[in-house]
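Comments concern the structure below.
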Amino acid sequence: MHFYDRVYETTMRIPCGRVTTYGAIADFLALGSARMVGWALNQSHQSGLEIPAHRVVNRKGELSGRHHFPGENVMQERLEAEGIVVVDNKVKDFEKLLWIPADHLL
DNA sequence: GTCTTGACTTCGG
DNA sequence: GCCGAAGCCAAGA
């Protein structure tokens, strides 16, 4: 069990239409650094698993990882398909849509 | 073994 | 608010 396995599970727990941040996941899993989350998600595509990585954005709500998707606009399209509005490469009402793993953990 | 590179974040200016 | 530097830790060279 590597830390990125927990990153995958946490990412898949993000509800439809919600987003979270690398820092929130890193803090929830006590990874020590948010870069590990991005690195783990970067490896996710080669793990064979389908991770909704489009729901993970940086602390500003920007789609910083869209360049790592098959298409440059795939990330935004997937978010919009879930009802999330993306403006200027950022999630609209980001603070409202932000989903914190620990907050939903009972 | 060291050094560089990140889908990041925080702090100082 | 933005910009630069530092901290962070795993992987690959």
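Chain identifiers are assigned alphabetically (A, B, ...) following the order of the sequence lines, protein sequences preceding nucleic acid strands; residue numbering begins at 1 within each chain.
- In this structure, of dT10(B), dA7(B), dC8(C), it is dA7(B) that holds the atom nearest to the side chain of H68(A).
- Nucleotide dC9(C) holds its P atom 18 Å from the CG atom of L41(A), rounded to whole Å.
- N73(A) and R66(A) form no side-chain donor-acceptor contact under 3.5 Å, judged by distance and modelled atom types alone.
- The side chain of M36(A) sits closest to dC9(C) out of dA7(B), dA11(C), dC9(C).
- Atom CZ of R59(A) and atom C1' of dG1(C) are 11 Å apart (whole Å).
- Proximity of a side-chain donor or acceptor of T20(A) to a complementary backbone N or O of W99(A) within less than 3.5 Å is detected.
- Below 30°, between 30° and 60°, or above 60°: for H2(A) and Y4(A) the angle between ring planes is below 30°, a parallel geometry.
- Of the residues near DNA chain C, Y4(A) and A34(A), the one whose nearest nucleotide (by heavy atom distance) lies more toward the 5' end is A34(A).
- Side-chain rings of W39(A) and Y22(A) stay apart, their centers remaining 6.0 Å or farther from each other.
- When the nucleotides dT9(B), dA7(B), dC8(C) are ranked by their closest atom to the side chain of F69(A), dA7(B) comes out on top.
- Ranking dA10(C), dA7(B), dT10(B) by closeness to the S64(A) side chain, first place goes to dA7(B).
- The residue L63(A) sits apart from the nucleic acid: no heavy atom pair falls under 4.0 Å.
- Regarding N42(A), its CG atom lies at a distance of 13 Å from the C1' atom of dG12(C), rounded to whole Å.
- Looking at heavy-atom distances under 4.0 Å, N58(A) makes contact with sugar-phosphate atoms alone, never a base.
- To the nearest angstrom, C1' of dT9(B) lies 13 Å from OH of Y22(A).
- The distance from atom OH of Y8(A) to atom P of dA7(B) is 14 Å, rounded to the nearest whole Å.
- Rounded to an integer number of Å, the gap from CG of D27(A) to C1' of dC9(C) is 16 Å.
- Here dT9(B) presents its P atom at 10 Å from CD1 of I25(A), a figure rounded to the nearest Å.
- Comparing dT9(B), dA10(C), dA7(B) against the side chain of F3(A) picks out dA10(C) as the nearest.
- Distance N73(A) CG to dA7(B) P: 19 Å, rounded to the nearest Å.
- Looking at R55(A) and E82(A), a side-chain N of the basic residue comes within less than 4.0 Å of a carboxylate O on the acidic one, giving a salt bridge.
- Of the candidate nucleotides dA7(B), dT9(B), dC9(C), dT9(B) has the atom nearest to the side chain of T21(A).
- Counting non-hydrogen atoms under 4.0 angstrom, A53(A) reaches a base of the nucleic acid.
- Relative to the side chain of S44(A), the nucleotides dT9(B), dA11(C), dA7(B) differ in distance, and dA7(B) lies closest.
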